[in-house]
Each structure stands twice: as C-alpha cells, then as structure tokens.
> 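Take this structure first; my questions come after.
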Amino acid sequence: PVFENIMATIMAGHQLKIRFLIIGAWNTIFGYGSFLFLYWFLSFFLTPRFMAYMTASIVGNIIAMTNAFIFHKYFTFKSSEQGLDALREYFRFGGTFLFNFILGLILLPFCVEVFGMTPQVSAAVIILICTVFSYIGHSRFSFRSR
C-alpha cells in the first residue's frame with residue numbers, strides 16, 4: 001500500500017508531464033528512427049554528406065510532426081477541439097514544432113562540423129535539448145486552455 005500511495009501521489013500531480021514524456025518517448029523513437037532510415041537511404045544518392053543528413057532531418061521532422069500532433073492532441077493534452085478550432089490548434093502546434101525544427105537545423109551542422117560529432121549522435125543530443133522547449137511550447141501555447 002505504501003508504494004501504491006506514493007505512485008498515486010506522483011501520478012496525481014504530474015499526469016500531464018508523464019503523458020507528455022510517454023508520447024515524447026514514442027515520437028522520439030519514431031522521429032529518430034525516421035531520421036536514421038532516411039539518412040541511411042539518402043546517403044546512397046546524395047553527396048556531399050551534408051545534403052543527406054540535412055534532407056533526412058527535414059523530411060524526418062515533417063513525418064514526426066504529423067505523428068506528434070495526433071498523439072499529443074488525443075492522448076497527452078486530450079484536446080476536444082474540432083473544426084476551425086482544431087485547425088488553429090494544428091497551426092499553433094506547427095509553430096511550436098517549427099521553432100524546435102529550426103533550432104535543430106541550426107544545431108545539427110554546428111554539432112557535426114564544429115564539434116565533430118556524427119550526425120546520428122548530434123541528432124540524439126538535439127532531441128534532448130528540444131524536448132524542454134517542446135514541453136513549454138505545447139503546454140503553454142499549442143494546446144493551451146481557453
């Protein structure tokens with residue numbers, strides 16, 4: 001009973017953050033997997049290497065954004081917005097995602113070319129940085145309550 005009470009207390013006070021982390025973990029795996037696959041695939045066709053990893057980042061982020069919106073809307077934030085309100089919500093989500101996307105595009109070549117990290121490791125580090133900005137943006141802007 002003591003462990004159950006502790007878990008219930010934690011869950012009660014942090015349900016939104018826990019759901020955000022669960023969906024964030026899923027979207028991270030999905031998005032990072034998309035990036036890795038696209039980078040691997042595009043590296044056969046695009047040179048220099050910069051073109052392969054930047055194209056993989058752009059396409060992978062578009063795919064990941066669509067996945068993230070659906071899961072965050074219905075599971076994390078349990079939004080019931082429909083019609084034009086849902087469309088506005090989608091555009092707010094896109095704005096928050098775009099901020100993180102641009103941040104990632106700036107940081108990726110910086111990490112690879114300046115710090116000498118591989119594109120794969122750089123993408124993983126950037127995911128951690130963007131998670132903080134993502135939570136703040138989505139909880140306070142994308143899916144804000146009226």
Side-chain angles (χ1 to χ4, degrees), residues 6-7 9-146:
I6 292 170
M7 289 306 295
T9 302
I10 291 171
M11 290 296 291
H14 300 285
Q15 286 182 10
L16 178 63
K17 290 175 186 169
I18 292 168
R19 289 193 311 265
F20 184 84
L21 289 174
I22 291 168
I23 295 306
W26 157 246
N27 197 55
T28 298
I29 292 166
F30 181 84
Y32 188 56
S34 297
F35 169 79
L36 291 176
F37 172 77
L38 289 167
Y39 175 62
W40 168 80
F41 180 75
L42 293 171
S43 66
F44 290 111
F45 305 102
L46 299 177
T47 55
R49 178 176 76 152
F50 175 85
M51 292 299 295
Y53 69 73
M54 292 303 283
T55 303
S57 181
I58 292 168
V59 174
N61 271 284
I62 292 168
I63 294 167
M65 183 190 131
T66 303
N67 177 73
F69 176 75
I70 292 166
F71 280 91
H72 280 310
K73 177 174 178 54
Y74 294 108
F75 181 77
T76 305
F77 298 101
K78 299 183 179 189
S79 173
S80 60
E81 300 292 344
Q82 296 180 353
L84 288 177
D85 290 334
L87 186 60
R88 281 189 280 275
E89 190 175 66
Y90 180 78
F91 284 114
R92 286 193 309 266
F93 184 89
T96 301
F97 205 89
L98 182 62
F99 173 82
N100 280 308
F101 175 67
I102 291 170
L103 180 61
L105 285 179
I106 292 168
L107 291 176
L108 184 60
F110 188 77
C111 290
V112 172
E113 305 303 334
V114 174
F115 289 120
M117 300 166 73
T118 67
Q120 297 90 332
V121 172
S122 298
V125 169
I126 292 166
I127 286 166
L128 296 174
I129 294 167
C130 288
T131 296
V132 174
F133 289 104
S134 181
Y135 178 76
I136 293 167
H138 292 314
S139 65
R140 296 183 183 171
F141 178 66
S142 301
F143 296 101
R144 70 176 180 256
S145 301
R146 287 187 182 186

> Crowded around Tyr90 OH? As in, over 12 foreign heavy atoms under 6.0 Å?
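For Tyr90, atom OH is not crowded (no more than 12 foreign heavy atoms under 6.0 Å).
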> Roughly how far, to the nearest 0.5 Å, is CG of Leu98 from CG of Asn61?
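If we round to the nearest 0.5 Å, Asn61:CG and Leu98:CG are 10.0 Å apart.
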> To check you understand the geometry: which heavy-atom pair defines the closest contact between Pro119 and Tyr53, and what is its length?
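That would be CG-CD2, 3.8 Å.
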> Indicate yes or no: at least one non-hydrogen side-chain atom of Val112 is less than 4.5 angstrom from one of Phe50.
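SC-SC contact between Val112 and Phe50 ruled out.
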> Might you point out which heavy atoms bring Leu108 and Ala123 nearest each other, and give the distance in Å?
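So the two residues come closest at CD1-N, 4.2 Å.
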> Could you check if a side-chain atom of Phe20 sits within less than 4.5 angstrom of a side-chain atom of Ser139, using non-hydrogen atoms only?
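The answer is no, as the side chains (C-beta and beyond) never meet within the 4.5 Å cut-off.
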> Work out which heavy atom in Ala68 is nearest to a heavy atom in Phe97; give both atom names and the distance.
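Nearest heavy atoms, Ala68 then Phe97: CB-CE1, 4.3 Å.
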> Are Glu81 and Lys73 close enough that some pair of their side-chain heavy atoms sits under 4.5 Å apart?
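Of all side-chain heavy-atom pairs linking Lys73 with Glu81, at least one is under 4.5 Å.
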> Checking side chain to side chain contact (heavy atoms under 4.5 Å, CB included) against Phe77, which of Glu89, Arg144, His72 comes through?
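Answer after filtering Glu89, Arg144, His72: His72.
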> Please report the closest heavy-atom contact between Gly60 and Leu38, naming both atoms and the distance.
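Nearest pair, atom of Gly60 first, then Leu38: N-CD1, 3.6 Å.
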> Does the side chain of Leu21 come within less than 4.5 Å of Tyr135's, by heavy atoms?
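A side-chain contact under 4.5 Å is absent here.
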> What is the distance from atom CG of Leu42 to atom CZ of Arg49, rounded to the nearest 0.5 Å?
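That separation rounds to 14.5 Å.
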> Please list all pairs passing the side chain to side chain donor-acceptor pair (under 3.5 Å) test where one or both residues lie in residues 11-35, with sequence neighbours left out.
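Listed by first then second residue: Trp26-Asn67, Asn27-Asn67.
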> Taking the ring of Tyr74 and the ring of Phe71, is the distance between their centroids below 6.0 Å?
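Aromatic pair excluded; centres sit 6.0 Å or further apart.
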> Taking atom CD1 of Ile23 and atom CZ of Phe69, what is their separation to the nearest 0.5 Å?
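It comes to 13.5 Å.
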> Any side-chain heavy atom of Trp40 sitting closer than 4.5 Å to one from Gln120?
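When only atoms from C-beta onward are counted, Gln120 and Trp40 do not touch, as no gap falls below 4.5 Å.
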> Distance from Ile126 atom CD1 to Ile106 atom CD1, nearest 0.5 Å?
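Answer rounded to 0.5 Å: 10.5 Å.
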> Roughly how far, to the nearest 0.5 Å, is the OG atom of Ser134 from the CZ atom of Phe101?
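The CZ atom of Phe101 sits 14.5 Å away from the OG atom of Ser134.
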> Under a 4.5 Å cut-off applied to non-hydrogen side-chain atoms, are Ser122 and Phe110 in contact?
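Answer no - side chains too far apart.
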> Side chains of Thr76 and Leu16: does their closest heavy-atom pair fall under 4.5 Å?
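Thr76 reaches Leu16 side chain to side chain.
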> Roughly how far apart are Ile58 CD1 and Phe35 CZ, rounded to 0.5 Å?
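Ile58 atom CD1 to Phe35 atom CZ measures 11.0 Å (nearest 0.5 Å).
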> Taking it one step at a time, do Phe93 and Met65 satisfy side chain to side chain contact (heavy atoms under 4.5 Å, CB included)?
CA-CA 9 Å; Phe93 184 89; Met65 183 190 131; 3.8 Å; yes
